[in-house]
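What follows is one structure encoded as structure tokens, with my remarks underneath.
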Amino acid sequence: MKGGCTRRDMLLGAVGLGGLLCGCSPGEQTADREFLIVEASHPTKREPTSAGKFYALMGIAETLVNVDDRGHISTGLALHWEMSADGLEWRFDLRPGAHFHDGTPVTAEPVVRMLERARKRPGVMHVVPIAAIAAHEGRVIIRLATPSALLLPVLAHDSTIILAPASFDAADQAVQVIGSGPYRITGITEQEVAVEAWERWGGVPPAIHRARYLSAARPETRALLSESGQANAVFDLDWPSERRLRDAGHVHIVDIASPRTTLLKLNVGHPFLADLRARQALSLAVDRLAIATGLFGNADRAATQLLPEFFTDWHDKNLPRLHTDVAQAQRLLAELGWQPGADGILLRGDERFALKLLSLATRTDQPLITAALQQQFRRIGVEISVIPCSPAEIVAAHRDGTLELAMFARNHMMVANPVAVLMQDYAKGGADWGAMGWNNPDMIAALQTLASGAAPERAAALRQQIVQTLQAELPVIPLIFNRRIAAFDKRLANVQVDALERSYNMAAMRWAD
Amino acid sequence: MMGGWPRRIAAALLIAIAAFALAGPVLIGLDPAQQDLGRTLMPPGGGDLLGTDNLGRSLLARLAQAAQISFLLALLSVSSAAIAGVSTGLAAAWWGGWMERILVAIADMMLAIPGLLLVFLLIAFAPGEVWLIYAAISLTLWIEYFRVVRATARPILAGSEVQAARLLGFGATYIIRRHVLPEVAPLLLTLMAYGAATTVLAVASLGYINVGIHPPTAELGQMMSEYFPYYRAAPWLIAAPITLLATGLLCLALLASRDKPQ
Amino acid sequence: MSMALVVDGLNIRSRQAHLVRHVSFAVERGHSLTILGETGSGKSLVSQAIMGTLAAGLNATGTIVIDGVAGPATTPDRHRLWGRTLATLPQEPWRSLDPTMKAVDQVAEGYRSLSRRNARGVAGDALRHLGLGGAERHYPFMLSGGMAQRVAFAAATAAGANILLVDEPTKGLDIALRDAVVALLRAALAEGRTLVTITHDINVARALGGEVIIMLDGEIVEQGPASTILSAPAHEYTRRLLAAEPAAWPARRPARTDGAAILTAHGLTKRYGHKTLFKDINVVIKAGECRAIVGPSGSGKTSFGDALLGLTPVDAGEVTRAPWIATMRFQKLYQHPTAAFAPRIPLGQALNDLISLHRLDLGRVAPMMAGLRLNPDLLQRRPDQVSGGELQRISLLRLLLLSPAFIFADEPTSQLDPITQQEVMDLLMQHVAEHDTALLLVTHDPAIGANVSGGLPLLPDHGRSLLAASGQN
Amino acid sequence: MRSIASLLGRRVLQALLAALFVSSLCFFMVRFLPGDIAFDIASGRYGQEMTTQAAAAEVRAELGLDKPMAAAWLSSVSALARFDLGRSYTLGKPVWGLIREQLGHTLQLSGLAMLFSLLIGPPIGIIAALRPGGLVDRLNLLGSALLRALPPFATGIILIIIFAASLHWLPAAGHTQRGTIILPALTLALGLAAVSSRVVRSAMIDVARSAYFHFPLTKGLPLSTVVLRHGVRNMAVPVIAHLAMQFVYLIEGAIVVETLFAWPGIGHALSHAVRERDIPLIQGAVLVMAILFVLFNMVIDLVLVALDPRMRAG
């Protein structure tokens, strides 16, 4: 009995090994070569308002308008648009001949339905004072309560992707993703999505016909997928992987500035942090350059102000840089009555300068930065205990006021105009992913003026005012500028990386061989 | 099985590891948390005996602290699991009947819960706490001891040796001390050695999937997952904790591989 | 007339000792040779040298000629002869049969030249020939001891070996089983096979006839035809060996029968599954009295003794003990002395534990050790490091420390060599007599039973086993 | 046969009790976790940057999280009694479908890993046992200690570097492409074989010392036949009981390997479910795994009965 079983097992094993050897055979024709693209996030959800980013990145779904990698609005599903003289009514003409992947034409009605649907859910739509959305003679009409410069950026946001009505079940739950982009889904599982070029796509037919997305949570996996030649494009590499791939030289590395900034959120209402001098002391304690070079091998990543050079209109080269000065930090804290205790941690009466820092558990770079911060704060007598957490815990702690410090990377170009994000984050009392307990009516007014549209010179002055306020008041402490690092197969031509994380630009790439 | 000398070397190495864990942190005299971001990923030799890690900390100092914390916690977690498992296993084998049936049912029930889920749930109460992770792991470990002890003790308690001891007037304590424990002990030692390694590796695995201990605590498993991304830039970083654990394990396995008396 | 097996000048040495010296003998084809000797006499080493299974640390010199082919005493190729030329009958057949395989298959796999189906057919025939018709498809656990013996015999000889080497085939067997084995061996002789038997049982040697070799301390002390040597031994050791046969033991002074009743059993009944082991048995045991139960294995003798001691529950009846005697003074002597000691605890430790538990007089140990002819060094060792006879005497010592009023001795000597058996039995009887202890002896050997009971009737009554007493067979 | 029927009956009863117990335990543990459950669910639904007060309020209202806990528990138990596993809080999909897919992937991986480990561990263990203290035995002891001290992600990366990055024989990760299952299965199998080879070795040493192993040799059978026919089957009884436990741990232990190889499995789903407080998914997964565990044990019992005739009698 047992003997027979073992023999059968061996046979199966041999078959398995045989199958393994023909696993990847080189020398396919470029036409039917499958393009493999790898990043960390899971395509588990179908809900467009939360998972729209993925479907936009893959070129599966489109938004009404688009945004290029410098943040300029371009055409999307809408080929033309016009604004009424009072700035309150916007009319959009859809691209003629656009079809959803189920063959139904993209008309104004499904677009209106999707925009209304997005409005009902939490999300960026709420920064625009929309009064009504309607379909009229084949056009999409959006009426605003007050003029807004943010409408187009919001319509370019990936939570407003347009899907065919058949994507939803009777309860309005998204059950599949039927978009109108250059690629349509042919297979979707927990971690992989296979697509092929959509033959009724109106634009230039993509040179890459078949592609697959693979979600790989670990940077090492992603790097090895690239190194082994299995993956053609790999995004979100960490520093050790990037360095390794650069040294190996088999692949082409693209490393561009990203609009994300890793920052420290502080509870300005906290008795230790309410005084500006305390926040300045914390900022002075951080050795950004050491972190940027020691942990990421790139001195340019030291955040000298909240918004990186990526934001050409916003980044102010003349602004006094955030810098390190331990002695000054200690002086500032001494002014506030803090004195070092026996173990070097500052004491004020029976208070001890010890704070909890919430840090996102899933990001691989965060533990490194928090470990460095812990040590650097200790130099000025501030004790930090790091608590790994989920995003939800940061939001919850913000709400119930128990948050002391939190660290995360904020994408200020989440919407194509940073005003949208800044308005949310630095509204009165702050917001989940921005300030906390901090209020600056002048800055809020400046943001609102910018949001409703301002003349270029006035806008520039307002932007400078906002940036200076943020740098002076430190409602959050900028730490590190993030970068978007990707590795590409050297056989690829016309490789472009979109810093805004809006598109993988797959439709524009082609095989060089 | 093996001659005398491998066992002697194993014992000597184990003593050395224990000494490293106990006295290392004091002898080395370096702060394992002291960073120097200007000197990260320095290779062994040079200023630091084992080089520096990704934050420019002394690997030697961290390894010593990690050995101390990991071995202590692994020992605590494994021995608390063993104490729980051995006492319930003995109770089941000794009394039998409904007592045994209830204990077996509880153990089976616990086995049916995915241990991983239990660990996830417990850790969610206080993420990143070292002791909690070990406690959660030991909660999943005790069943193995229960099953082994019950299975080993039952035939012994039913055997003529114990019958003879009872006839001679010996009580429960004596029978367990002289008859049951000597038979169970070698098995337990092996189980505990592997259990300790399993615990350290479980911490490493949890760290890898981002639910483990948060830095800067130096812990062997946590070091493995923390240093893993540098496997090619600085292979000595991940090699150090793995080598320490493997050596300890091999020595314990050598010591425990004593043959049964015929 | 050719020789099937010739051993010439066999010497076996370990690093420390010269274990077998100058052993030479020859066996004619189709004849029987029996090597008699005690444990440690080197007789098993001779058998291992012939089979080629000597332990790694042992070094053998000399020549062994098997079936006309001469070779050195140690050769790595001896196993090529196994099954085809040289077969061996296992000592404990029920342990030597694969518990997961049917009897017929275990025999069939020996017929290696035949196809699987034919082999099964031939194996079935062989089993039926041995009277095992119907048991072909049984697994070993379903076989009785005698049946297992015969299956093992069929399996061992299936490949056609003509020389049968048998090491202690009757150790621990009751008389009926022993006779069955002897019959099997005689049948093999009758078939023309050559038989080399190693045993300590003179009855086996006598029944097989042929040549006999007497070994002592690794040397042959006497050699010749069984009829001559076993009736007129020349060597002093052979004489002792013959005198140690229970039938030859001197009669004992009858034990007293006028003591007070210390143990009364009334209507004892025990069933095991569907089988009634004993039924409605009444016994009164008096101080200083020696009683014996004689019966074959599996007849419920041990269960009866255990029932008297309260070690096993009974289905009916009750046992009353004399109220003035402490519980601890009712004791049992086990068949396998190793089964009465914690295996990893040194013997001295075990004795000290008992002494401190009952606050006994430590001073009594040394004289008692001397009385039982035990070397004090033995107390340093673990139970598996002393011989069976020594261990049985130590367990006797342990009992005697408690001044027992009643000892249930369960086949206390059946695992021992004849001379040791007599010695242990004499010591037991001597102490029992000295301390006015009642003894209940269970044995399968009627001669021992008769000798011990010293004229008192056997339990439950003359010549009947417990099964017979309960009306079954 | 009656004993087998009663065994099955007992196992089914055990499965039902275990299911009730574990699903309730998980329910209460999740509900008692610190933090606001609505926020956790909202972050699972809408992602990090969309987790806001408004989103949490919506979730709370939709899922009725304000209701008393006992009532919520009763309704969850009664739904489970109707075999209704519900819908995932964060994904909105039916739990049954999610579990079938994810657990299916994990079982596929674990099954192949088990197979590989059977091809690696037992043969090495048997060879080591035939010459205890020999070269194979020593190398096995060394290799086994090293593999037991190597975290699975390290084993996995070594395999990827060798077979994918250097030799290009196999894909590095993923799960729909051909051959992607082999490296993760091999990673798990090596870890298993490190233990099972030693278990097999010690079981085989016991068997090789036994009289029923030696006797067939004296019948003239070659060693290889005796090992295969008498050694393996007798050794299998303790070894299979051990491997059965291993397989259960394997299903859970797969999570690290699944993460490294981007293999979609239940472990991964559970870690997300706990973080996002997805009670229906946790309860459903635990329920299915508990029942599978009991069924699996039942199969093992039957295999042992088939292997050892003594158990059929008792």
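Proteins come first, then strands; the chains are lettered A, B, ... in the order of their sequence lines, and each starts at number 1.
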### Task
Would you please classify the geometry between the A:His252 ring and the A:Phe488 ring as parallel, tilted or perpendicular, with 30° and 60° separating the classes?
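A:Phe488 vs A:His252 ring planes: tilted.
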### Query
In terms of heavy-atom pairs under 4.5 Å with chain B, which of A:Gln376, A:Arg378, A:Arg244 leads?
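Looking at each option in turn, the highest pair count goes to A:Arg244.
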### Query
Among residues 287-296 of chain A, which ones touch chain B with a heavy-atom distance under 4.5 Å?
A:Ala290, A:Ile291, A:Gly294, A:Leu295
### Query
Which pairs pass salt bridge (charged side-chain N to carboxylate O under 4.0 Å, His left out) with one or both residues in residues 229-240 of chain B, sequence neighbours excluded?
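Residue pairs with at least one partner in residues 229-240 of chain B: A:Glu227-B:Arg232.
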### Query
What residues form a side-chain contact (heavy atoms from CB on, under 4.5 Å) with B:Gln65, not counting sequence neighbours?
B:Pro32, B:Ile69, B:Ala218
For a quick test of your reading: what N or O donor-acceptor pairs under 3.5 Å do the side chains of residues 213-221 of chain A make, sequence neighbours left out?
{"residue": "A:Tyr213", "atom": "OH", "partner": "A:Ser41", "partner atom": "O", "Å": "2.8"}
{"residue": "A:Tyr213", "atom": "OH", "partner": "A:Ser41", "partner atom": "OG", "Å": "3.3"}
{"residue": "A:Ser215", "atom": "OG", "partner": "A:Ala40", "partner atom": "O", "Å": "3.1"}
{"residue": "A:Ser215", "atom": "OG", "partner": "A:Ser41", "partner atom": "O", "Å": "3.2"}
{"residue": "A:Arg218", "atom": "NE", "partner": "A:Glu220", "partner atom": "OE1", "Å": "2.9"}
{"residue": "A:Arg218", "atom": "NH1", "partner": "B:Tyr208", "partner atom": "O", "Å": "2.9"}
{"residue": "A:Arg218", "atom": "NH2", "partner": "A:Glu220", "partner atom": "OE1", "Å": "3.4"}
{"residue": "A:Arg218", "atom": "NH2", "partner": "A:Glu220", "partner atom": "OE2", "Å": "3.3"}
{"residue": "A:Thr221", "atom": "OG1", "partner": "D:Leu260", "partner atom": "O", "Å": "2.6"}

### Message
Using a strict threshold of under 4.0 Å (side-chain N to carboxylate O), is an ion pair present between A:Glu39 and A:Arg222?
### Response
no
### Message
Between A:Arg243 and A:Asp238, does any NZ, NE, NH1 or NH2 come within less than 4.0 Å of an OD or OE carboxylate oxygen?
### Response
no
